[in-house]
Amino acid sequence: MALRRAASLLLRPRLRAPVPIPTPKTPNPLLLPPRRHFSQLPPPPVPASAAAAAAAVAEEAEEAFEAAKGTKDLLAAFSRLEAVMPPSDKRLALACIKLGQHLEASGAADPSRVLALALRSLGILEATPNSATSTTASHSDAVSLAMALHLAGSASFDLSRFHDALSFLTRSLRLVSPLLPSSSSAAAASGDDDAQGFDVRPVAHAVRLQLANVKTALGRREEALADMRACLDLKESILPPGSRELGAAYRDLAEAYSTVLDFKEALPLCEKALELHQSTLGKNSVEVAHDRRLLGVIYTGLEQHEQALQQNEMSQKVMKSWGVAGDELLHAEIDAANIKIALGKCDEAVTVLRNVSKQVEKDSEIRALVFISMAKALANQEKAGDTKRCLEIACDILEKKELAAPDKVAEAYVEVSSLYEMVNEFDKAISLLKRSLGMLERIPQAQHMEGNVAARIGWLLLLTGKVSEAVPYLEDAVERMKDSFGPKHYGVGYVYNNLGAAYMEIGRPQSAAQMFALAKEVMDVSLGPHHSDTIEACQSLANAYNAMGSYALAMEFQKRVVDSWRNHGPSARDELKEAIRLYEQIKIKALSCLSPENSAIALPEPLEKEDQKLPYWPPAVVLVHLLLPRQ
C-alpha cells in the first residue's frame, strides 16, 4: 500500500499550463520567393494549437489514470494513456509501476504480466538522460527506478526466479539506501524540489522485506534475518510508538529467529511485542494471545517448560474468551500436550490429545499431528507397540496430503522419523527422511530444511553401520547448511563432526582430522571452548592424529581435552580420568616410536596420577545429535 501511494505521488502531474505562442501573421503571397517545385522541403512545423491540444489530451488521460480505482478502470485508463503518450515518456513508466503494483497486490494478473510492466518501466527510466544511474539524477529519479526494480524483483520472486529477484532487489536497495534520512547523502539531496515531502523509508522497507523473502527461499536464512532486522529498524522510525503494526513486526522477527532455533534472540523481541500489545489493546486481545503462544514455543526451545506451559494456557484462555475456535486453538492445544510430554506428564498429554482428536475430521492434517504427539507420549512411556500403531495412522493420513501440502507433510515426516528412532526402527526412519528430502527438493522455499534432513539421514546411516552410504549425505549436508545458516552455525559443526567420524570408519584419518578441526573451530565460536561438545570435537581431533601416527599433535590436543575437563570441576571427574588415560596411552606410543638416537627427546610428564583405572574405551568418535547441543 505504501508503495502504491508512493507511485501515485510520483505520478502526480508536474506540467504547467503551456505557454501561449503568438500566431504568426499570414505573409503576403506576393512577397514570397518563387516556389521551387523540384526541391523537397522539410515538413511544416506542427501548429502550436495542435501541440497544445495533444498536451491537453495527454494531461486528461494522466488525470483519468490517476483517478481510476478498480482493476478494470485502471486497465482502461492505462490503455488510453499509452495511446496518447510517447513510448519513452517518463509518466508512462510511472503508470506502469502503479498498474503493476495494483495487479500484484490484487492478484488480478499473472506475475509474468506484472514483470513485463516492471521491465517496460525500467527500460524507459534507464533511457532517460537524467536517470538514477547518472550523476545528475534527482531524488525522485532514483526512487522511481528503485520502485521499478522492486516490482521486477517481486514479480520474479512470484515466478520462482529467485536469482533474478535477488539481482533486481539488490540494485533497488543500492539506490534507496543513500536516500534514507540517516545517510549523509540524503541531507545533500534534501533540497531537491521533486522529492520534497516524499518519504523514501516505506520504499526501503518494502525492498528489504522482499529481499528477506528471496533469501529465505534461497536458503540463506542468516542473511534474511539481517534484512528482517533492518525492516524492523525502519518500521520503528516510521510508525508512532505503540503502533499495533510495530508489535506485529516484533513478533514476526521473533518467529524468524525461532525458526533458526535462535531462541535467545527471539525471546526479548516477543516480550516487546507482548508488552506493546498489552498496553495498546489490553491483556485479553487476540494479538496478545498470538504473542503468548509464540512465547510458549520460545520457552520450549529454551527448555523452560513450566513457563512455556503457563504462556500456552494463558493464550488458550484469551482465544476461548474471544470465541476463537478452529485450527488455531486446536494447534495451541497440541502445543500444550507436547509441553506436558517434555515435563514428563504423559498421561495428561494423552488426555488432551484424545479430546482434540474428537474435534477434527478423520483424514485431517491436525489428526495426523495428534497421533504424532500421541506417539511421542507413548514412546516416552516405552510403549513401543502403541507408538508404532500411532505412527502408522499418522503416516496413512500424511500420505494423502502430500500433493496438497508438501511442505507441511515433509516436515511431519521428519518428526515421525525421530519417533521411529526412539523405538529402534532405524530403517523406517531413514526411509521417511529420504522421502521427506525428495519432497523438499521440489519446494524452492524449503532449501533451509534440505541440509538438516540430509544431515539426519547421514547420521542415521552412520549409526547403523552404513558408512559408505552416509558420507555423500553428510558432505551434501555441510554445503547446504553453510549456505542456509552460515559457516559458523553450531549445526554445521555437528555435521563436520559426524563426517569426520565417517572418514575415520573408512580409514581416512587425514580427512577426518580436517573435519574435526573444522568442527572444533565452529563450536569454539558457536558454543564456546568449554562446552562439552566442543571438548569432544577436540578429543576426536586427538584421536585422528593418534590414528595417523602424528603423536606430537595428538598429545597437544589431548592435553587441551584434559585441561578443559579439569575446568569443569567435580562434575566431570569421570571424563577427566578417561582423558588422562588416553593421554598416557598416546605418550606410550610416542615413546615406543623413538629411535635410540632420539631417545633424549623429552616428553611431557604425566598429567595426574589416578588410583583407579577405568575400563578401556577405544578412541572412537561419539556420534552427536545433529541439531540440539547437550548442555
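Because only heavy atoms are used, hydrogens play no part in the values below, and waters and symmetry mates are left out as well, while side chains stay in.
Distance alone, capped at 3.5 Å, places no donor-acceptor pair between the Arg171 side chain and the Ser167 backbone. Within the 3.5 Å criterion, the main-chain N or O of Ala332 finds a donor-acceptor partner in the side chain of Asn312. For Ser258 (side chain) and Leu261 (main-chain N/O), no donor-acceptor pair under 3.5 Å exists by modelled atom type. Under a 3.5 Å cut-off, the side chain of Gln359 and the backbone N or O of Asn355 do form a donor-acceptor pair. In this structure, Lys401 contributes its side chain and Asp363 its backbone to a donor-acceptor pair below 3.5 Å. Not a single donor-acceptor pair under 3.5 Å links the side chain of Ser484 to the backbone N or O of Met481. No donor-acceptor pair closer than 3.5 Å links the side chain of Ser436 to the backbone N or O of Leu432. Between the side chain of Ser417 and the main chain of Val414, a donor-acceptor pair closer than 3.5 Å is present. Panel note: side chain Arg201, backbone Ser237; a donor-acceptor pair is recorded below 3.5 Å. Side-chain atoms of His277 come within 3.5 Å of backbone N or O of Ala273 as a donor-acceptor pair.
Counting only N and O atoms by type, the side chains of His290 and Glu328 include a donor and acceptor under 3.5 Å apart. Using modelled atom types, one finds a donor on one side chain and an acceptor on the other under 3.5 Å when comparing Tyr250 with Glu236. Looking only at atom types and distance, the side chain of Ser321 has no donor-acceptor partner in the side chain of Asn284 under 3.5 Å away. For His102 and Thr71, the side-chain atoms include at least one donor-acceptor pair closer than 3.5 Å.
Contact check for Val176 versus Val143: no side-chain heavy atoms found under the 4.5 Å cut-off. At least one side-chain heavy atom of Glu82 sits under 4.5 Å from a side-chain heavy atom of Leu92. A 4.5 Å side-chain heavy-atom check between Leu225 and Val260 finds at least one atom pair inside the cut-off. When side chains are defined from C-beta on, Leu211 counts as touching Leu173, because their heavy atoms get closer than 4.5 Å. Leu149 has its side chain out of reach of Thr170: every pair of non-hydrogen atoms, C-beta onward, lies at least 4.5 Å apart. Here the side chains of Phe485 and Asn452 are in contact, with some heavy-atom distance below 4.5 Å. With a 4.5 Å cut-off on side-chain heavy atoms, Asp291 and Glu271 do not count as touching. At least one side-chain heavy atom of Ile238 sits under 4.5 Å from a side-chain heavy atom of Pro202.
Taking OG of Ser121 as the reference point, atom CD1 of Ile97 lies at 3.5 Å (rounded to 0.5 Å). Atom CG of Leu103 and atom CG of Leu75 lie 6.0 Å apart (nearest 0.5 Å). Annotation: the span from Asp141 atom CG to Glu126 atom CD amounts to 12.0 Å, rounded to 0.5 Å. Going from atom CD1 of Ile372 over to atom CG of Leu398 covers 5.0 Å, rounded to the nearest 0.5 Å. Going from atom OH of Tyr257 over to atom CZ of Phe263 covers 14.0 Å, rounded to the nearest 0.5 Å. Expressed to the nearest 0.5 Å, how far CD1 of Ile124 lies from OG of Ser144 amounts to 11.5 Å.
Across all non-hydrogen atoms, the minimal contact from Arg120 to Cys96 is CD-SG, 3.9 Å. In terms of heavy-atom proximity, Ala146 sits nearest to Ser172 at O-OG, 2.8 Å. Listed here is the closest heavy atom pair of Leu122 and Ala148: CD2-CB, 3.8 Å. Contact record, Ala410 with Leu440: CB-CD2, 3.7 Å, taken as the closest heavy-atom pair. Closest approach of Ala289 to Ser315, counting heavy atoms only: O-OG, 2.7 Å. For the pair Val453 and Leu433, the tightest heavy-atom approach, listed with the atom from each and the gap, is CG1-O, 3.4 Å.
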Apply side chain to side chain contact (heavy atoms under 4.5 Å, CB included) to Leu119 and Phe168, showing your working.
CA-CA 10 Å; Leu119 295 177; Phe168 286 127; 3.9 Å; yes

Step-by-step side chain to side chain contact (heavy atoms under 4.5 Å, CB included) determination, Val360 to Leu330
CA-CA 9 Å; Val360 297; Leu330 294 173; 3.6 Å; yes

Passes side chain to side chain contact (heavy atoms under 4.5 Å, CB included), His331 versus Arg293? Steps please.
CA-CA 10 Å; His331 279 294; Arg293 185 184 169 198; 3.2 Å; yes

Using the rule given for side chain to side chain contact (heavy atoms under 4.5 Å, CB included), can you reason through Glu365 versus Lys408, listing the C-alpha separation, both sets of side-chain angles and the distance that settles it, and then say yes or no?
CA-CA 9 Å; Glu365 177 194 334; Lys408 294 180 180 178; 3.3 Å; yes

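Ring centers of Phe162 and Phe157: under 6.0 Å apart, within the cut-off.
Ion pairing between Lys235 and Glu245 holds under the 4.0 Å rule for side-chain N and carboxylate O. Under 4.0 Å is where a charged nitrogen must lie from a carboxylate oxygen, and between Lys482 and Glu479 at least one such pair does. The residues Arg91 and Glu66 are annotated as not salt-bridged, no charged nitrogen and carboxylate oxygen being separated by less than 4.0 angstrom. We find that Arg435 and Glu402 are joined by a salt bridge, their nearest charged nitrogen and carboxylate oxygen being less than 4.0 Å apart. Glu287 has a carboxylate O that lies under 4.0 Å from a charged side-chain N of Arg251, or vice versa, which qualifies the two as a salt bridge.
Residues satisfying the side-chain hydrogen bond (donor to acceptor under 3.5 Å, both in side chains) criterion with Asp483, sequence neighbours excluded, are absent altogether. Arg113 meets the side-chain hydrogen bond (donor to acceptor under 3.5 Å, both in side chains) test with no other residue; sequence neighbours excluded. For Glu333, the salt bridge (charged side-chain N to carboxylate O under 4.0 Å, His left out) criterion is met by no residue, not counting sequence neighbours.
Atom CD of Glu411 has 12 or fewer neighbouring heavy atoms from other residues, nucleotides or ligands inside a 6.0 Å radius.
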